[in-house]
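None of the values given here were measured: they were computed from a predicted structure. Residue numbers begin at 1 in each chain, while the letters A, B, ... track the order of the sequences. FYI, side chains are in, hydrogens and waters are out, and symmetry mates aren't considered; it's all heavy atoms of this structure.
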Amino acid sequence: MSINNGQFPRELEDEAIYIFREVVSQFERPVLLFSGGKDSITLVRLAQKAFHPGKIPFPLLHVDTGHNFPETIAFRDALVQELGLELIVHYVQDAIDQKIVSEETGKYASRNALQTVTLLSAIEAHKFDACIGGARRDEEKARAKERIFSVRDDFGQWDAKRQRPELFDMLNGRINVGENVRVFPISNWTEIDVWNYIKEEELAIPSIYYAHDREIFERDGMIWPDSQFINKTSDEQVLTKKVRFRTVGDMTCTAAVESEADHIDDVIKEILSATISERGARMDDRRSEAAMEKRKNDGYF
Amino acid sequence: MQQFRKGVPEWTIADLKLQWKKERTMAISRNKSVLRIATAGSVDDGKSTLIGRLLYDTNSIETDKLLAIEESSRRKGLDYTDLSLLTDGLVAEREQGITIDVAHIYFSTPSRKFIIADTPGHIEYTRNMVTGASNADLSIVLVDARNGMVEQTYRHLYIAKLLKVPKIVVCVNKMDLVAYSQERFNEIVKDFHTVLDHEEFENVSVDFIPVSSLYGENIASRSNQMEWYLGDVLLTTLEAVDAQQSTDDLPARFPVQHVIRPKSDEFHDYRGYAGRVASGDFRVGDEVSVLPSGLRSKIKSLEKFDGKLNAVSASESVVLRLEDDIDVSRGDMIVKDDLPTGIKQLSADVCWMDSEPLFAGKGYRLQHGINQTRVKVSAISHKLNTSTFDKEIGVSALELNDIGKVSLKLAKPIFADSYAKNRDNGAFILIDEATNNTVGVGFVD
């Protein structure tokens, strides 16, 4: 493979690699938060590049809600196998069984909010001091305010008003015992940057990103994937449609879009002409105007 | 705050949808560069409106986001769409209608990708303005055409100068409220020149553009209300400005971030120095020195995941390998030509960012690039009045948002260049060892 200068601005890759190397140098127990989505797949490639020809010097952590798309889990396991990575999985179901959290009920029940508790207990159990995540500032307005090294207190909380100034490219990772840092190497990338990168790097991604026939039903003007995890009402009819997903979250909170795009070039074309934002199809963000900020305050990544 | 009122016809979703597909489909071109912009301006100068207009006119606001802010504007009882809700993302910001912290906003045109750091106008958040400006290639300074220069304008100009932001664009906004008067515009430009003619601003390039963010005059398209203005509109200026500051003349600096030693069967004896070129360029075969040891060697190879390279330039992340097996570790700096000397005592302009003041005798941790060392403040020689640029002598402390000249004594040497000569190797931050917070930023004399 050669270094090319395509549509993707390579200076963003250089910046991300720099950030990865700072994490490994400044922290003792970093971990990469891996969801199996396109952003975390991009992070894995960047980590490979940062430490090549050495191995990626930290494990991957997946907070498994049990409501994932089966394609994503299959992809996750194949990627870990192929690259010889260490994968740690923590299950939301365990927290439910231990009665630490309780399952939401009703038509819109989702385990999205419960993830935070499992994430925080995984951080505590493994004493992770830096959690690398694939969040981008263009995704959502609370994320637009995020630093690259974002300090969280011992409760995992984000305090937007007390963020450390971050100047030039000097990253200050000094923390007190119990605190941890969330690190966002692709903060300055946009959705289209990620797609152009996936194309130029020829990265494999889960099949649900490409158009495929799927059983769906319509609710609130959105296309929901049918699954055993969702509480459908009697008037909600299941149909088969050709759809794809723009983001990958739980089957209970990720809406699909009707699409014919079954190749990366078509996906890029479709995104360039889309009039709805990436997270416009995320039920978890639509719960309230401050949904993301609230989750971040609670310790979400 | 100036907002988009009902009856301003350009700002409708129907329009947006029409424009969208037409212009955005081929929005990304090849070989584009990224231009990093910081905005500055006083509280009601209309920064959010200007950014909203830039996003709108480049078709960068998705329908659902526009619908969402229309809905929350309605809920707040406003009879217009408050576009500041696009950038003021925190609950506290929306409650108070002000910007507290830097928001990063992204948009593209066929020729370039833009990152805007939208910084707060309030005086008490000046440190966040410095944060936003520190990575900027260009600073947009806004003034209200009715008020002209105000205290914050002086401060922002000074900060842009202090940080050596290569280009400043002054947008004289709300021209619609001064009847698009050329005389008023000229008056303001003249006022600016009384400041910019000051020797401190000698090498700063400044453009002036009369605009109305509300009506989109001279933002993305030429105003027919101001035919007297013959310069470029804002968007054209942003697209044309040279973002890649020439670093050819700068000395080559490579801070070692991480030593790569795989010790695998395949790479048993491999030893590579991973880092990002701070300034200048490196080529295979170049003679280099390693600081602080001063040991010399030659570059054997420059490597990336994708393959080997003959040369690398500033801001590229790479692995550098040397011909000799010498001791190099994180924090060392590989340099060629014009070797920096190790500094154990320095004088610097410092912008203070913490509510606990800086005072002489106090110790901090200094971070220069990736390197940290303990420092002690030996003296504060003066504090700057950012409205008059006068130097106040005999101050005992720098308070939050103060800028002053400080002498520091370092526990171990750093290899910094003067900030005036080398923007990429001349800045540092100060960290409070008790709280671990970043409390100040400094620029080496």
Do the side chain of Asp64(B) and the main chain of Ile276(A) share a donor and acceptor less than 3.5 angstrom apart? no
Go through the atoms of Leu163(B) and report whether side chain, backbone, both or neither lie under 4.5 Å from a heavy atom of chain A. side chain
Please identify, among Arg143(A), Gln26(A), Arg147(A), the residue contributing the most non-hydrogen atom pairs under 4.5 Å to chain B. Arg147(A)
Which atoms of Ser264(B) come close to chain A, meaning under 4.5 Å heavy atom to heavy atom: side chain ones, backbone ones, both, or neither? neither
So which of Lys294(A), Glu179(A), Glu166(A) has the biggest tally of heavy-atom pairs under 4.5 Å with chain B? Glu166(A)
Any Arg36(B) side-chain heavy atom under 4.5 Å of Asn188(A) side chain: yes
Hey, does Leu167(A) have a side-chain heavy atom less than 4.5 Å from the side chain of Arg127(B)? no
Are a donor atom and an acceptor atom from the side chains of Asn176(A) and Asn436(B) found within less than 3.5 Å of each other? yes
Checking heavy atoms, do the side chain of Glu433(B), its backbone, both or neither come under 4.5 Å from chain A? side chain
Name the option with the most non-hydrogen atom pairs under 4.5 Å to chain B; the candidates are Glu22(A), Lys55(A), Glu146(A). Glu22(A)
Under 4.5 Å from a heavy atom of chain B, the part of Arg164(A) involved: side chain
Let me know if Gln372(B) has heavy atoms under 4.5 Å from chain A in its side chain, its backbone, both or neither. side chain
Is Lys304(B) paired with Glu13(A) through a side-chain N to carboxylate O contact shorter than 4.0 Å? no
Does any part of the side chain of Met170(A), heavy atoms only, come nearer than 4.5 Å to the side chain of Ile370(B), both counted from C-beta? no
Please look at Arg365(B) and chain A and tell me whether the side chain, the backbone, both or neither of the residue comes under 4.5 angstrom of a heavy atom of that chain. side chain
Charged N-O contact under 4.0 Å between Glu303(B) and Lys49(A): no
Side chains of Asp193(A) and Tyr106(B) only: does a donor on one sit below 3.5 Å from an acceptor on the other? no
Has the side chain of Ser317(B) got a donor or acceptor atom that lies under 3.5 Å from a matching backbone atom of Asp14(A)? yes
For the candidates Val24(A), Val151(A), Ile175(A), Ile268(A), which exhibits the highest count of non-hydrogen atom pairs separated by less than 4.5 Å from chain B? Ile175(A)
Hey, which of Gly54(A), Ala16(A), Pro57(A), Ala144(A) has the most heavy atom pairs under 4.5 Å with chain B? Ala144(A)
